[in-house]
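We use all heavy atoms of the structure for the numbers below, so side chains are in, but hydrogens, waters and symmetry mates are not. These figures come from a predicted structure and were not determined experimentally.
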Amino acid sequence: MLAGTEPFATWYYLFAWYPTLLMLDAAVALRGGRFFFLDRPAFLLSLMAWSVPFWLLFELFNFRLANWYYVFVPDGRAARWAGVTLSFATVLPAIFGAERLLDVCGVGGRGAGALGRPSRTPIVRLTSARLTGIQAAGLAMLLLPLLWPRTFFPLVWGGVTLLADPWVYRRDPGRSLLGDLERGEPGRPLRLLLGGMAIGLLWELFNAGARGKWIYTVPGLEDLKLFEMPLLGFFGFPVFALEAFSLYQALVVSLTGARLPVRLAVAALAAVFTTLVLLGMERATFSSTTPRLADLPGVPAAPLARAGYDVFALAEAAPARVAAATGADLRHAGSWVETARLAALRGIGDRNTARLHAIGIRTLDDLAASDPSRLARRLGSAGGTGHPQREREWVRAARDAARDAADY
């Protein structure tokens with residue numbers, strides 16, 4: 001990935017996560033005596049399969065929230081869908097594996113409070129009215145972000161738990177996080193919270209250096225980040241782990257004892273849901289594909305390819321060297337490098353570069369001098385769709401690049 005070698009540069013997140021899951025399972029086996037996943041392949045396959053529609057539920061919310069988008073995904077739809085599906089399939093295994101490792105390490109042991117003290121006192125007392133109130137709060141937390149996304153977008157992370165877990169509690173309290181708290185056993189919720197934070201750090205670490213990646217555009221939180229994630233956003237990962245656990249348990253409870261036709265119908269619905277959300281991501285969330293020299297405006301692909309350049313190598317090249325390698329004059333070589341730098345910046349890509357060229361923005365300096373809101377309007381009026389959050393990210397990156405060049 002660091003060398004820019006494909007497919008590792010684009011799919012680093014995918015290549016990093018599967019060995020991480022194997023190491024996580026090995027750590028569980030070394031500590032607890034048996035593998036959590038490899039000794040139960042059916043369980044692992046179930047987690048992987050349901051992980052995809054589970055995560056796509058939040059992608060569906062993101063159509064309204066517009067809090068993140070994906071860049072430099074493969075140009076071919078089959079490869080793109082296969083890659084993102086395999087990537088999303090790691091979500092539930094990562095969360096469940098982290099909780100299991102903390103469990104075998106004795107964190108939050110049975111009957112232990114948050115500070116490790118024995119506790120069998122109910123932390124919550126549940127009644128039918130309280131369960132209904134919790135679910136009503138969960139429903140409100142999911143509806144408010146859809147109505148006023150810029151204000152209430154954080155509430156998405158938590159609403160699913162409050163809806164699903166009371167439903168699980170009413171049918172099988174042993175699988176419920178609320179049931180754990182009612183029994184005075186907060187260990188499992190604590191492990192999910194701690195594991196969720198740890199897994200969130202890995203998610204962002206594996207994403208940060210990859211070429212194909214997601215970029216956040218969270219209102220008001222874009223200036224202070226660790227990797228790609230705004231710092232405050234890391235507090236969402238522990239809550240997200242609770243959601244993953246609760247929704248999977250709801251699925252298990254609902255399908256336990258179900259006949260084969262019912263199971264097949266549920267699987268078919270999940271497949272249809274997955275397909276529809278992926279189609280929606282094509283329009284709303286996939287911002288750019290892997291850029292190609294042939295699609296860069298005003299750039300001669302053939303001589304550059306013969307000289308060993310792709311878009312990313314061209315973006316980092318000295319114009320004089322490009323001119324020498326291709327026999328072009330220095331002025332033309334400089335314009336090709338500028339175009340490639342524009343395409344390589346923050347996932348802008350070749351198609352968005354062509355759109356920028358069409359409105360007169362041909363260099364990073366042009367982009368840095370732009371007003372993001374006006375830029376979005378101009379791109380929209382030029383026949384495309386303006387995305388103010390993305391254009392704001394582009395302009396910020398161009399200004400950062402200009403400052404770095406000046407410092408250098």
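When only modelled atom types and interatomic distance are considered, E228 and W203 share no side-chain donor-acceptor pair under 3.5 Å. Between the side chains of E182 and Y169, at least one donor-acceptor pair of N or O atoms lies under 3.5 Å. Defined by atom type and a distance below 3.5 Å, a donor-acceptor pair is missing between the side-chain atoms of T353 and D350.
Remark: E185 CD to I123 CD1 distance equals 9.5 Å, nearest 0.5 Å. If you take CG on L201 and CE on M229, they are separated by 10.0 Å, rounding to the nearest 0.5 Å. Summarising the geometry, atom CG belonging to L242 is positioned 9.5 Å from atom CG belonging to L162; distances are rounded to the nearest 0.5 Å.
Separation of the F54 and F88 ring centroids does not fall under the 6.0 Å cut-off. Less than 6.0 angstrom separates the ring centroid of F237 from the ring centroid of F234.
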Q: Start with the C-alpha distance between H357 and T339, add both sets of side-chain angles, then the distance that settles side chain to side chain contact (heavy atoms under 4.5 Å, CB included), and finish with yes or no.
A: CA-CA 9 Å; H357 270 227; T339 299; 3.4 Å; yes

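Between R40 and D25 there is no salt bridge, since no side-chain nitrogen of the basic residue lies less than 4.0 Å from a carboxylate oxygen of the acidic one. Salt-bridge formation is not detected for the pair E393/R390: no Lys NZ or Arg NE/NH1/NH2 atom is positioned less than 4.0 Å from an Asp or Glu carboxylate oxygen.
Between W68 and W157, the angle of the ring planes lies from 30° to 60°, which puts this pair in the tilted group. In this pair, F58 and F61 present their aromatic rings tilted. The plane angle is within the 30 to 60° band.
Residues T90 and T20 have side chains not in contact (no heavy-atom distance under 4.5 Å, counting atoms from C-beta outward). For the pair F240/I95, a side-chain contact is recorded, criterion being any heavy-atom separation below 4.5 Å from C-beta on.
With respect to W214, the ring-ring contact (aromatic ring centres under 6.0 Å, His included) criterion is satisfied by exactly one of F206, Y13, Y69: Y13.
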